[in-house]
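To keep things clear, I will list the structure first and then write my remarks on it.
In what follows, chains carry the letters A, B, and so on, assigned in the order in which the sequence lines appear, proteins first and then strands, with residues in each chain numbered from 1. This one's a predicted model, so the numbers in the text were calculated from it and none came from an experiment.
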Amino acid sequence: MSESKENLLMEKIVSLCKRRGFIFQSSEIYGGINGFWDYGPLGAELKRNVKEAWWTTMTRLRDDVVGLEATIIMSPLIWKASGHVDTFSDPMCDCLLTRKRFRADQIDPQSGLVFTYSGATDSVSGKEVNDSFSVLLAAGKPPESARKFAVQYYQARGLQSVQLQGECSEKVENTTRFNPENGAQLTEPRPFNLMLQTYVGPIQSEDNVAYLRPETAQAIFAQFKNVYETSRQKVPFGVAQIGKAFRNEVTPRNFIFRSREFEQMELEFFIKPDEVTEAIHGSVAAVAESGHPGDPQPNWGWQAWHRYWVEERVRFYEGIGLSRQTLGFHHQTPTELAHYARACTDILFKFPFSKRDANGDVLGDELEGIAARSDFDLSQHARHSGKGMGVFDEELRTGWGKLTPESQAHLSGKYYESRLKYMLKSGVAPAVAEAAAAEDAQNLTKGHYIPHVIEPSAGVDRLILALIANAYSESTSTDEKGKSETRVVMKFHPRVAPVKVGVFPLMKNKPELVAKAREVYGLLRGQFLAFYDDSGAIGRRYARQDEAGTPFGVTIDFDTLGEKPELLNTVTIRHRDDGSQERVSITELSAWFHARLH
RNA sequence: GCGAGUGUAGCUCAGCCUGGUAGAGCGUCACCUUGCCAAGGUGAAUGUCGAGGGUUCGAAUCCCUUCACUCGCUCCA
């Protein structure tokens, strides 16, 4: 019941997005293209505001984060090092009977008797199906069970009274061509490459295959050294990037929530490994169970930094109108975590299409993931490129000398263990791994280490959808004639609202009002996006702006012109969310808006 | 990738079963009117009926194929 209601809400949102020019289907006049969406005039403004709010908060208002804008196409070696080339192209097989999907490399080899049918006919209609189908039976099982599966298979292909054709059987050993659960035949392994591919240069060959980046983060790791050396930053510091990313999603779904071309806002915040922090400060700060840990401290370890960034990101969402109640959190369990990650907290938004848990509470879908990724990424690029990704820390070098021999042994031992674990997980031969880990541990004592990273990674388009869903509100009113009508108000936070203010002469047919209104419009438009409208009744113009989410309206009336002398050169400001009005002098307008839009 | 549903004006939808000149409401635009919340009047524009093919004298309507969207399954570094 509630599901169809939420469905209806999603449909209304999609419809409004098109009607008002927020979001259009890509290539619509040619029938569209699955998984791609365009932003219309209002959507483009909204998106720009969101990205600007993120960029300002994450870089310009901080001393410890700098920006980067890298290319979408990079050396394919980057994706080899990051693991995307391998993990994005697992061959998959589907069960021909149950349609269950398997990773081809994870099917255990089986042996037994294979029954193959060349096809089947319908004994009633005479219809034929000529697809062959096989079933693997474990030794000792009666052939009837193979026939039962085959009948099911051909029934699923439109036959009713199945007459199997051409049964034959054969003994096979160690085959992976059959569903381990029921013995039914699998499809051929088909590669699943989730990265979009292209060719660099005019000749298309295997040698110049390149990928459109599936995430913006890797460029930050690949350029880590350059940024570090030119930005005069020291660890801890971060590198932020906003940009397009591309994934061949299996199922683009839920409007712009999961699309094939999307935009990310990512921060890689580099921190000292806990061993380094402990060596310098004697201990690593304990982390409170919950709440914001306050301003960054020198003795923070990865846990404090991780919590800090989760809370900072929540503050950001609150600052653009998503209250904590609209958000959800998911702390990834050890089995969900990637092997190199130590923790990952997802910030969720409760979308209309989000699933509910057993208690009926909306779970939410992912807006952002904040991952503690250890030194995995920089280590991978160090190993694959052969270029050093470590940093030198004077404090560590001098601090190290002051440690007791026991502390030194303890810390370098811990560092050795974590480096060794990384190497072994990455498939490095044990002897080589041990030597490399020993070298890393030795370098630590001289002040060298590879930074760890905390990664808050947010989806712009998902956030846009969250803001739109959150802003959407409708009220139904009935007039004196008993005619009821539903009005939509998009309650965007003023900071992200596409249009900031509508400017209206009370009436169009009074040239003095129009002239004054255009004058006020001219005053405001250079400072932020203003929209002038003089067509139709004033109520209609208010309603139009409500639907676009414009937070303020400025109306020029006869008092502005001095009908009541004490109100000369004042205007009415109308508030979108409650329709309330106040009188403000034209000379104070800029300051009035400035205070409410920043 | 599989299964089900949907696709007609900018939006919401009727028309399809039973083939015969493309419709409504809302919105948009223009003019008039309008002294603060989608008022009223007059007029106007807007359709490859998702696309392609077939059947037919004739297809939005029947048949086939295809594309997109929604839902379920699957997938989700």
Pair assignment for B:U46, Watson-Crick or G-U wobble, requiring both distances under 3.5 Å: none
Plane angle bin for A:Phe22 and A:Phe492 - parallel if under 30°, tilted between 30 and 60°, otherwise perpendicular: tilted
Side chain A:Thr572 and base B:C36 donor-acceptor under 3.5 Å: yes
Interatomic distance at C1', B:U61 relative to B:G50, whole Å: 16 Å
Parallel, tilted or perpendicular, as decided by the 30° and 60° cut-offs, for the rings of A:Phe351 and A:Phe349: perpendicular
Sugar-phosphate, base or nothing in reach of A:Ile538, heavy atoms under 4.0 Å: sugar-phosphate
Pairwise P distance, B:U70 and B:C11 [rounded to whole Å]: 15 Å
Any A:Arg544 side-chain nitrogen or oxygen under 4.0 Å from OP1 or OP2 of B:C26: no
Base partner of B:C31, which must satisfy Watson-Crick or wobble distances under 3.5 Å: B:G41
Watson-Crick or G-U counterpart of B:C73, or none if no pair lies under 3.5 Å: B:G1
Whole-Å P distance, B:G40 and B:G27: 9 Å
Distance test, side-chain N/O of A:Lys508 to OP1/OP2 of B:C31, below 4.0 Å: yes
Phosphate OP1/OP2 of B:C37 contacted by A:Arg487 side-chain N/O (<4.0 Å): no
Geometric class of the A:Phe376/A:His339 ring pair [parallel <30°, tilted 30-60°, perpendicular >60°]: perpendicular
Pairwise C1' distance, B:A30 and B:U6 [rounded to whole Å]: 37 Å
Watson-Crick or G-U counterpart of B:U6, or none if no pair lies under 3.5 Å: B:A68
Pi stacking test for A:Tyr542 and B:A38: under 5.5 Å apart, planes under 30°: no
P atoms of B:C17 and B:C62, separation to the nearest Å: 5 Å
N/O donor-acceptor pair under 3.5 Å between A:Arg583 side chain and A:Thr570 backbone: yes
NZ or CZ of A:Arg247 within 45° of A:Phe262 ring axis and under 6.0 Å: no
Rounded distance in Å between the C1' positions of B:C2 and B:U8: 29 Å
P atoms of B:A39 and B:G1, separation to the nearest Å: 49 Å
Closest to side chain of A:Phe255, choosing from B:U70, B:G27, B:C37: B:U70
salt_bridge(A:Lys564, A:Asp557) N-O dist < 4.0 Å: no
Listed nucleotide nearest any side-chain atom of A:Asn509, set B:C71, B:U33, B:G35: B:U33
Pairwise P distance, B:U55 and B:C64 [rounded to whole Å]: 15 Å
For B:C16, the Watson-Crick or wobble counterpart (both distances under 3.5 Å): none
Side chain of A:Gln25 (C-beta onward), nearest among B:U34, B:C36, B:A68: B:A68
